[in-house]
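Worksheet for the structure shown next.
All values below were derived from every heavy atom in this structure, side-chain atoms included, with hydrogens, water molecules and symmetry-related copies excluded.
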Amino acid sequence: MFVRGALLARRRQNLLDPLPGSRDTPSLSSQAEGSQDQENEESRLSQTEFDSLKAEDASRLKDQTKALNLVLLTCCVGAVVQGWSQASITGANLWWPCELLASGTTDSPPCQPSKKWAFNAVNAAAFFSACIGVWLSDFLNDMAYGRRGALMVAGTITFIASIWSGYTSTWIQLFGARFLLGIGYGAKASVVTIFESEVAPSKRRGRLLVSWQFFTATGLWLGTAANLIFHWNWRLQVSSSFIPCITFVALAWASSESPRWLIKKERYKEAFIVLRDLRGTDLQAARDLYFIYAQLRVEMLILAGEKDHSLADWRNYWVYRWALAKSRYTTRLQQIFSIPRNRRAALATASVLAAAGSKPTNSLWITFGWTAVNAICSGFAYRFVDSKGRRFLLLFSLISMVPLTLSQAFSLAISNKVHSGRLHDGIVVLFTYLNVGAYSPGAGVVPFLYSSEVFPLINREAGMSWSCFVNFLFGAIILFCSPVSWTSGTTESLGSELTKLFFIFAAIDFVAAVLVWFYVPETSLGDQSALEHMNYLFSIPTRAAQRFHALKLRPRNMRPRDESNNGRLPPTLDEWWKDYGRERYRH
């Protein structure tokens, strides 16, 4: 079975070309070079195996196994927890400062500029602590808890923090509860997308990973809905995020473990059983087990910097054990920046995550509409993330957001004295919704998706932690430094501060678009989209990638002939590298 799986890993498309039931029924052994004499009935694909392989290319949930759908459901609920936890504070912001930051009643918000730092600290606490939580994910994964265990721990922390938030009596206690909450969803954010990417079939990975942002946006929408339902009690608003936490922890307990994590821990029998449940047949499980096994050993020799053994020794068990023993948490973290292949991945993920910040909105109903637009537009990525690619969606989003964010800034600068307040507010809300509509399918969806797939298995937790750290750090800085209406004096002064803030956002979007163009390669590569193929893609030197993307900016008649086919460039970076770049940049 494992020999057949290894042959399938090498020759999948050739096996699927013949029609089932015909005289040319595909044979594993007949597709392998020099194995014609080995062909027999056992080497042929059964109808069930053939149908299962064909179903891998389908995009319907009903074509997937129950085990795979359960893992995806777990990750979707985890994303809802993420969004709901973030949204729970927005409605409470209207009332908790009156009770915890002032000695007066809660009839109206106090105006005490000296308390602005405390208000912003509470709002930014979860993001700052998430920067700590993301680095705990590798520890939770590595200490035999696995992906499932790490998710259950993170979900439990989030549950406890949500309940605690509703019982706080001082702003310091609320700060502590939000800080603990951030540790929980920071650890969860860096695990969920890894878990999902490791169980998803390679050809559908992009579409399935869209669920993270879509359901995070759905969680934001549900959280703002809860804020409206409990608008009379801020304690119920901040603690309402415990509701999805219970479901999430239960689903994580019932889900399968990640097969790649099990293989990394050399628990091959368990990995094979899990893969069989996820894929549906023994043959597909054997194929994936062999493929992951081989790639992990090659990764270990490369990342451990082994010089005494060649890559031909990847089959040697003791060579692998020696390399694995060298790779501890601090080593894996250091390798993110010391290994060229990982450094390129870290640069790419930082480029796509740096612009993903938080944008303040105060009104509950405006926030409710904002989150609804965010959720709806995030769903558009499902159709295009694999067909058009990650780069296309990112660039479309970031480039579109530059003029829309500037329009937002200018609309805020319009004086209420010139136009009626209702017209002024309508213009601001219109551009706010257009902006989030452009943000959601690209800059909203792609960063976490991209980060979860580009790092090698041995460094995947540390790499995802780095990516989430960048995202949460920028979000925390923006929240802590953002202007707040009840501490900013007049509405005019608030509009002036927000205008400056949105000009900064527009500049960040522009810089991010430039970084994405030159430093972020496309990872949606059809048959070559397996996570293990990322090793080859990110082994391409950065200057070669920059050259390829710079050539794409030139008109066809201005492209050098030795780097193109009469001005025509291959569609992807790895094809160009194979045909033209390897010789030019071999040194």
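- For Trp96, the side chain to side chain donor-acceptor pair (under 3.5 Å) partners at least two apart in sequence or on another chain are Asn93.
- At least one donor-acceptor pair closer than 3.5 Å links the side chain of Ser129 to the backbone N or O of Phe179.
- When all heavy atoms of Val274 and Leu262 are compared, the pair lying nearest together is CG2-CD1, 3.9 Å.
- With no hydrogens or angles considered, a side-chain donor-acceptor pair links Thr371 and Thr224 at under 3.5 Å.
- The backbone N or O of Ser378 sits nowhere less than 3.5 Å from a side-chain atom of Gln213 that would complete a donor-acceptor pair.
- Distance alone, capped at 3.5 Å, is enough to place a donor-acceptor pair between the Trp135 side chain and the Cys131 backbone.
- A search for salt bridge (charged side-chain N to carboxylate O under 4.0 Å, His left out) contacts involving Arg235 returns Glu99, not counting sequence neighbours.
- Expressed to the nearest 0.5 Å, how far CZ of Arg147 lies from CG of Leu140 amounts to 11.5 Å.
- Counting only N and O atoms by type, the side chains of Ser211 and Glu196 include a donor and acceptor under 3.5 Å apart.
- Under the 6.0 Å distance and 45° angle rule, Arg391 counts as a cation-pi partner of Trp517.
- Across every non-hydrogen atom of Gln173 and Tyr167, the tightest pair is OE1-O, 4.3 Å.
- The shortest non-hydrogen separation linking Met152 to Val249 is CG-O, 3.9 Å.
- Side-chain N/O atoms of Ser255 and Thr74 include a donor and acceptor closer than 3.5 Å.
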Ring pair (Phe, Tyr, Trp, His ring centres under 6.0 Å) evaluation trace for Phe410 with Phe503 = CA-CA 9 Å; Phe410 287 123; Phe503 277 129; 5.4 Å; yes
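- Heavy atoms of other residues, nucleotides or ligands lying less than 6.0 angstrom from CH2 of Trp234 number more than 12.
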Trace of the side-chain contact (heavy atoms from CB on, under 4.5 Å) decision for Leu68 with Val199 | CA-CA 7 Å; Leu68 177 57; Val199 301; 3.8 Å; yes
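- Under 3.5 Å, the side chains of Ser256 and Asp277 contain no donor-acceptor pair of N or O atoms.
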Intermediate values then yes/no, side chain to side chain donor-acceptor pair (under 3.5 Å), Thr432 and Gln408 | CA-CA 6 Å; Thr432 299; Gln408 225 179 329; 3.0 Å; yes
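- Taking CZ from Phe505 and OG1 from Thr405, the interatomic distance works out to 8.5 Å, rounded to the nearest 0.5 Å.
- Asn227 and Ser88 share no side-chain donor-acceptor pair at under 3.5 Å.
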For Gln82 and Thr216, what are the C-alpha separation, side-chain angles and deciding distance, and is it a side chain to side chain donor-acceptor pair (under 3.5 Å)?
-> CA-CA 6 Å; Gln82 194 83 356; Thr216 298; over 6 Å; no
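- A cation-pi arrangement is absent between Lys188 and Tyr185, since the terminal nitrogen or guanidinium carbon is not both under 6.0 Å from the aromatic centre and inside a 45° cone about the axis.
- In plain terms, the two heavy atoms of Leu406 and Ala506 that are nearest each other are CD2-CB, 3.7 Å.
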Check against ring pair (Phe, Tyr, Trp, His ring centres under 6.0 Å), Trp370 and Tyr433 = CA-CA 6 Å; Trp370 187 94; Tyr433 286 0; 8.5 Å; no
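- Under the 30°/60° scheme for interplanar angles, the aromatic rings of Phe396 and Phe392 are found to lie parallel.
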